[in-house]
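Report on the structure given below.
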Amino acid sequence: MTDHQPRRVDRPAAPAHPGVPVPAPSVDLDLLERTLREALPGIVGATEEEVAAVEARLGVPFSEELTVLLRVVGSGEEDSGEGEECDHEGVCPVDRAVGCEFFGLEHLSAIDAEVRGSSWYGAGAGEAADTAAAGASVVRHVAGSAGWIAFGSNGGDTYAVDLTPGPAGHHGQVILVGHEQSVGADLVSDSLTDFVLGRRSM
């Protein structure tokens with residue numbers, strides 16, 4: 001007697017645990033790395049050991065995209081010996097390539113509730129605006145999370161890779177944490193690939 005096994009259908013893999021957010025379809029590790037390396041041919045990246053050390057310090061496994069970003073860009077310093085050449089607006093090559101004022105490997109930090117309540121975020125500067133139901137399901141409506149890894153700034157607010165998204169969000173999405181808000185954050189891009197390529201919702 002022959003066992004009849006269900007035919008395997010070619011479709012995206014389902015998450016191991018239903019309801020657990022997965023990376024966005026736009027994640028493209030090769031494209032992300034190639035884009036950064038082409039823009040920054042003289043950049044000094046980070047080693048696997050250096051990235052692992054920061055993961056251990058923050059206590060959360062990084063997304064594959066964030067690991068690629070750090071492996072390529074590292075501390076954000078170029079190996080030219082002449083310093084960075086900024087444009088007429090004062091934007092340096094690393095910031096231009098990443099798409100924000102990049103903090104660098106050694107300055108990565110988690111935006112948790114305690115940090116957000118500190119003077120660095122301007123505690124008491126303003127109340128969080130009401131978050132629409134759709135937005136709340138994509139980005140958790142909380143003061144902070146150990147999985148919100150701050151990697152850059154727009155000069156006032158902070159960009160973070162979201163490793164603990166809402167149920168309708170994507171693991172590794174990029175969010176913007178407003179310095180005048182005490183709760184919540186705004187979705188900027190579904191992935192770091194989108195962010196670096198300039199595909200943003202805001």
Side-chain angles (χ1 to χ4, degrees), residues 20-24 26-37 39-80 83-84 92-121 139-140 142-165 169-179 185 187-197:
V20 176
V22 298
S26 60
V27 170
D28 189 326
L29 302 180
D30 291 337
L31 177 60
L32 175 61
E33 180 171 356
R34 185 170 65 252
T35 300
L36 291 169
R37 291 196 184 281
L40 301 165
I43 199 68
V44 178
T47 65
E48 291 183 7
E49 292 75 16
E50 289 171 331
V51 175
V54 177
E55 281 185 301
R57 172 171 64 82
L58 298 180
V60 59
F62 290 164
S63 64
E64 290 184 300
E65 284 186 305
L66 181 55
T67 298
V68 167
L69 174 67
L70 297 175
R71 286 291 307 279
V72 175
V73 184
S75 65
E77 297 178 358
E78 292 193 276
D79 190 22
S80 63
E84 295 181 319
C92 297
V94 169
D95 297 344
R96 187 163 53 247
V98 176
C100 65
E101 296 178 14
F102 182 61
F103 290 161
L105 177 70
E106 63 273 25
H107 298 299
L108 292 186
S109 62
I111 301 176
D112 58 27
E114 182 178 352
V115 171
R116 200 170 190 186
S118 71
S119 58
W120 186 62
Y121 275 95
V139 181
R140 296 169 60 203
V142 294
S145 168
W148 289 2
I149 308 301
F151 69 91
S153 168
N154 63 6
D157 303 323
T158 301
Y159 290 111
V161 172
D162 185 2
L163 304 177
T164 53
H170 290 106
H171 182 266
Q173 64 191 13
V174 177
I175 58 176
L176 184 66
V177 182
H179 70 282
L187 178 68
V188 177
S189 297
D190 287 337
S191 65
L192 261 176
T193 302
D194 283 342
F195 184 84
V196 170
L197 269 59

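Keep in mind that what you see is a predicted model, and the values were worked out from it rather than measured.
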Self-check item: Where Ala97 and Val196 come nearest, the two heavy atoms and their spacing
Solution: O-CG1, 3.5 Å
Practice problem: Could you pull out all residues at least two apart from Arg34 that satisfy side-chain hydrogen bond (donor to acceptor under 3.5 Å, both in side chains)? | Solution: none
Quiz item: What distance do Leu105 atom CG and Glu50 atom CD have between them, rounded to the nearest 0.5 Å?
Solution: 6.5 Å
Quiz item: For the side chain of Thr158 and the backbone of Ala150, is there at least one donor-acceptor N/O pair under 3.5 Å apart?
Solution: no
Quiz prompt | Aromatic ring proximity, centroids under 6.0 angstrom, Phe103 and Tyr159 | solution = no
Exercise. Supply the atom-to-atom distance Leu187 CG to Asp162 CG, rounded to the nearest 0.5 angstrom.
Key: 8.5 Å
Quiz item: In this structure, which one of Arg140, His170, Gln173 forms a side-chain contact (heavy atoms from CB on, under 4.5 Å) with Pro165?
Solution: Gln173
Quiz item: Can you tell me how far CZ of Arg71 sits from CG of Leu29, rounded to the nearest 0.5 angstrom?
Solution: 12.0 Å
Self-check item: CA sep, side-chain torsions, deciding dist, call: Leu192, Val161, side chain to side chain contact (heavy atoms under 4.5 Å, CB included)
Solution: CA-CA 8 Å; Leu192 261 176; Val161 172; 3.9 Å; yes
Quiz prompt | Test side chain to side chain contact (heavy atoms under 4.5 Å, CB included) applied to Val73 and Leu40, step by step | solution = CA-CA 8 Å; Val73 184; Leu40 301 165; 4.3 Å; yes
Quiz item: Just how far is it from atom OG1 of Thr67 to atom CG of Leu32, taken to the nearest 0.5 Å?
Solution: 10.5 Å
Exercise. Please name the pair of heavy atoms, one in Ala160 and one in Ile111, separated by the smallest distance, quoted to 0.1 Å.
Key: CB-CD1, 4.2 Å
Quiz item: Just by distance, with hydrogens left out, do Ser191 and Ser26 show a side-chain donor and acceptor under 3.5 Å apart?
Solution: yes
Self-check item: Spacing of CD belonging to Glu55 relative to CG belonging to Leu70, to within rounding of 0.5 Å
Solution: 8.5 Å
Quiz prompt | Minimum heavy-atom distance Ser153-Cys100, with the two atoms named | solution = O-CB, 3.5 Å
Quiz item: Between Asp190 and Phe195, is any pair of side-chain heavy atoms under 4.5 Å apart?
Solution: no
Quiz item: So do Glu33 and Val68 actually touch side chain to side chain, heavy atoms under 4.5 Å?
Solution: yes
Quiz item: Side chains of Ile175 and Val188: does their closest heavy-atom pair fall under 4.5 Å?
Solution: no
Quiz item: So, for Asp194 and Ser189, which heavy atoms are closest and what is the spacing to 0.1 Å?
Solution: CB-CB, 3.9 Å
Quiz item: What's the spacing between Ser109 OG and Phe151 CZ if we round to 0.5 Å?
Solution: 12.0 Å
Quiz item: Do side-chain atoms of Asp112 reach the backbone of Ala146 as a donor and acceptor pair under 3.5 angstrom?
Solution: no
Self-check item: Least distance between heavy atoms, Ile43 atom then Val72 atom
Solution: CG2-O, 3.1 Å
Practice problem: Check each of Ser145, Pro21, Ser63, Pro61 against Leu163 using the side-chain contact (heavy atoms from CB on, under 4.5 Å) test, and report the only one that passes. | Solution: Ser63
Practice problem: Could you note down all residue pairs passing side-chain hydrogen bond (donor to acceptor under 3.5 Å, both in side chains) where residues 99-108 supplies at least one of them, sequence neighbours left out? | Solution: none
Exercise. Could you walk me through whether Val22 and His171 pass the side chain to side chain contact (heavy atoms under 4.5 Å, CB included) test, one step at a time?
Key: CA-CA 5 Å; Val22 298; His171 182 266; 5.8 Å; no
Quiz prompt | Nearest heavy atoms of Val51 and Ala46, plus distance in Å | solution = CG2-CB, 4.0 Å
